[in-house]
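Structure first, then comments.
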Amino acid sequence: MKRIRSVGIVGTGSYVPPNILTNSDLEKMVDTSDTWIVERTGIRERRISSPETTASCLGLPASLAALQSAGVSPEDVDLIIVATSTPDMTFPSTACFIQDKIGASRAACFDISAACTGFSYALETGQQFIATSTYKTALIVGTEVISKVIDWTDRNTCILFGDGAGAAVLQPVADNYGILATSLGADGRLASILDLPVAGCIRMSGREVFKVAVNTMIEAVEKVLDRAKISQKDVSLLIPHQANIRIIEAMGKRLNISTDRVFVNLQKYGNVSAGSTIIALDEAVKQGRVGDGDIIVIVAFGGGLTWGATVMRWGGNL
Ligand code: UT7
């Protein structure tokens, strides 16, 4: 029987491409306005990668930054899991491309497909491998070149998304630190309200997605807090999927988590799908908003529909 041990994030990194697409740029492309986009979504600009850039290109600097912040060398990585809806190829996995680029020659590699919930699914998967002592060090990456699967004539979707990548290093941590509880869910009956056909573009019934997103994310957060026996008032920082400020505000309000404890960066990047929450977590760490012993909750939803929440106590690095 394998030993169950505590597992936590011991390093984070992120990278977004330099090219900025503003709302006023979009006004010239489709029938929209900066005012509409800001009022309905909170988004002001997003990053767009160059035509030759792939998901592994963005994942590379994010991964190196995460490894550096964890003080881990690429040869020490046992496992790489990449969450993406825009892989470099159908196969090899984007994880294999990142393995080669960073020189993590010992690592097992695979990708996970759970749309915008991808990072939450990948985090829990990596956690299981380390908790059971199968592996000691996992690199979990969320990376997207979502601009390449956008219909730039569809104002319902093209204003929402942006490119970017984030990465986290997972290792064993001290007891009572790290990931305390996770809840993942899916409802395949709702597949058609948000999808990305093979060789196609993202299609979405925004209003329907909105309603399900708020309800499922609230339930997922309540479930993990209950499982970890942590009260809403003890949450130091909520890191929600950065899709729409109105979704985030509705969730914070119903969960009774004040806005100063909710991290938001969607105004700069839009919805980066599987990169969203890990880029946000990395920025929160860099801004000094995540300290030792803090209770952090990550929550996301996306195509599938899928959703997931994770509660962790930050720190406890061994
Ligand atoms: O990771 C998951 C990704 N998906 C999401 O997070 C989507 C969740 N949903 C949303 O964020 C919102 O539903 C949207 C931002 C997509 C849309 O906001 P909404 O308040 O639900 O607007 P709506 O779809 O109900 O559309 C209201 C009006 C419509 O016009 P009519 O029919 O009332 O005349 C739309 O045609 O706004 C129009 N509209 C726009 N107008 C200007 C839709 N997109 C635009 C636009 N600019 N870009």
Side-chain angles (χ1 to χ4, degrees), residues 21-46 83-86 112-122 142-147 149-164 166 184-188 190-197 200-218 220 239-252 262 264-267 269-280 298-309:
L21 183 73
T22 64
N23 290 351
S24 63
D25 294 330
L26 281 163
E27 283 174 353
K28 294 171 199 121
M29 297 161 63
V30 286
D31 180 15
T32 190
S33 67
D34 174 54
T35 311
W36 191 95
I37 300 173
V38 172
E39 278 175 7
R40 295 290 179 138
T41 72
I43 300 165
R44 292 181 182 275
E45 56 189 44
R46 65 288 291 144
T84 186
S85 296
T86 48
I112 274 187
S113 166
C116 302
T117 321
F119 183 76
S120 294
Y121 270 74
T143 181
E144 300 282 11
V145 285
I146 209 91
S147 64
V149 292
I150 295 295
D151 175 354
W152 289 102
T153 64
D154 176 14
R155 69 176 185 174
N156 290 299
T157 53
C158 77
I159 57 139
L160 296 174
F161 296 92
D163 298 339
L184 301 174
D187 187 349
L190 298 173
S192 65
I193 67 173
L194 175 55
D195 65 11
L196 171 55
C201 291
I202 290 180
R203 304 179 299 192
M204 185 181 69
S205 309
R207 216 178 288 182
E208 286 176 73
V209 174
F210 192 110
K211 273 187 249 154
V212 188
V214 174
N215 292 331
T216 55
M217 284 201 291
I218 288 170
I239 305 205
H241 178 38
Q242 305 288 314
N244 186 316
I245 191 66
R246 292 186 294 134
I247 293 177
I248 293 174
E249 283 171 358
M251 189 175 44
V262 180
V264 176
N265 67 358
L266 58 75
Q267 69 281 3
Y269 308 129
N271 180 348
V272 189
S273 190
S276 164
T277 52
I278 179 58
I279 294 173
I298 295 176
V299 62
F301 74 94
L305 288 187
T306 52
W307 55 87

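Ligands are counted one by one from 1 in listed order, and the atoms in each one are counted from 1 as well. Quick note: residue numbers are just sequence positions, from 1.
Less than 4.0 angstrom separates atom 34 (O) of ligand 1 from none of the non-hydrogen atoms of the protein. Checking atom 31 (P) of ligand 1 against the protein gives no heavy-atom contact under 4.0 Å. Counting protein heavy atoms under 4.0 angstrom from atom 25 (O) of ligand 1 gives one or more. Counting protein heavy atoms under 4.0 angstrom from atom 46 (C) of ligand 1 gives one or more.
Closest to atom 29 (C) of ligand 1 among all protein heavy atoms lies R155 NH2, 4.7 Å. At the shortest separation from atom 14 (C) of ligand 1 among protein heavy atoms lies N244 ND2, 4.4 Å. In terms of protein heavy-atom proximity, atom 8 (C) of ligand 1 is nearest to G206 O, 3.6 Å. At the top of the distance list for atom 7 (C) of ligand 1, counting protein heavy atoms only, stands M204 SD, 3.5 Å. Of the protein's non-hydrogen atoms, the one nearest atom 39 (N) of ligand 1 is W36 CZ2, 3.4 Å. The nearest heavy-atom contact from the protein to atom 2 (C) of ligand 1 is F301 CE1, 3.4 Å. Atom 3 (C) of ligand 1 has N271 ND2, 3.4 Å as its closest protein atom, hydrogens excluded (heavy atom only). Here the heavy atom of the protein found nearest to atom 20 (O) of ligand 1 is R40 NH1, 2.5 Å.
A donor-acceptor pair under 3.5 Å links the side-chain atoms of T117 to the main chain of G302, judged by distance alone. In this structure, E144 contributes its side chain and A274 its backbone to a donor-acceptor pair below 3.5 Å. Using a distance-only test at 3.5 Å, with no hydrogens or angles considered, no donor-acceptor pair links the side chain of R44 to the main chain of Q267. In this structure a side-chain-to-backbone donor-acceptor pair under 3.5 Å is present from N244 to R40. Looking only at distances, no side-chain donor or acceptor of T306 sits under 3.5 Å from a matching main-chain atom of A186. In this structure a side-chain-to-backbone donor-acceptor pair under 3.5 Å is missing from S120 to A309. No side-chain donor-acceptor contact under 3.5 Å links E45 to the backbone of I43.
Proximity to R246 (heavy-atom distance under 4.0 Å) selects the following atoms of ligand 1: 18 (O), 19 (P), 20 (O). Shown in contact with N156 at under 4.0 Å from a heavy atom are these atoms of ligand 1, numbered in order with element: 43 (C), 44 (N). Using a 4.0 Å cut-off to heavy atoms of A243, the atoms of ligand 1 that qualify are 6 (O). For ligand 1, the atoms closer than 4.0 angstrom to any heavy atom of T41 are 15 (C).
Taking each of K211, E39, E27, R207 in turn, the one with a heavy atom nearest to atom 21 (O) of ligand 1 proves to be R207.
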Given D163 and V272, is the side chain to side chain contact (heavy atoms under 4.5 Å, CB included) satisfied, shown in steps? CA-CA 6 Å; D163 298 339; V272 189; 5.7 Å; no
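Residue V30 does not touch ligand 1, judged by heavy-atom distances below 4.0 Å. Of the heavy atoms in T32, both backbone and side-chain atoms come closer than 4.0 Å to ligand 1.
To the nearest 0.5 Å, atom OG of residue S147 and atom CZ of residue F161 are 11.5 Å apart.
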May I have the list of side-chain donor-acceptor pairs in residues 27-38 shorter than 3.5 Å, sequence neighbours left out?
residue : atom : partner : partner atom : Å
E27     : OE2  : D34     : N            : 2.7
S33     : OG   : W36     : N            : 3.0
D34     : OD1  : N23     : ND2          : 2.9

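No side-chain N or O of Q242 forms a donor-acceptor pair with one of S276 less than 3.5 Å apart.
When the salt bridge (Lys or Arg N to Asp or Glu O under 4.0 Å) test is applied to D154, no partner is found at least two apart in sequence or on another chain.
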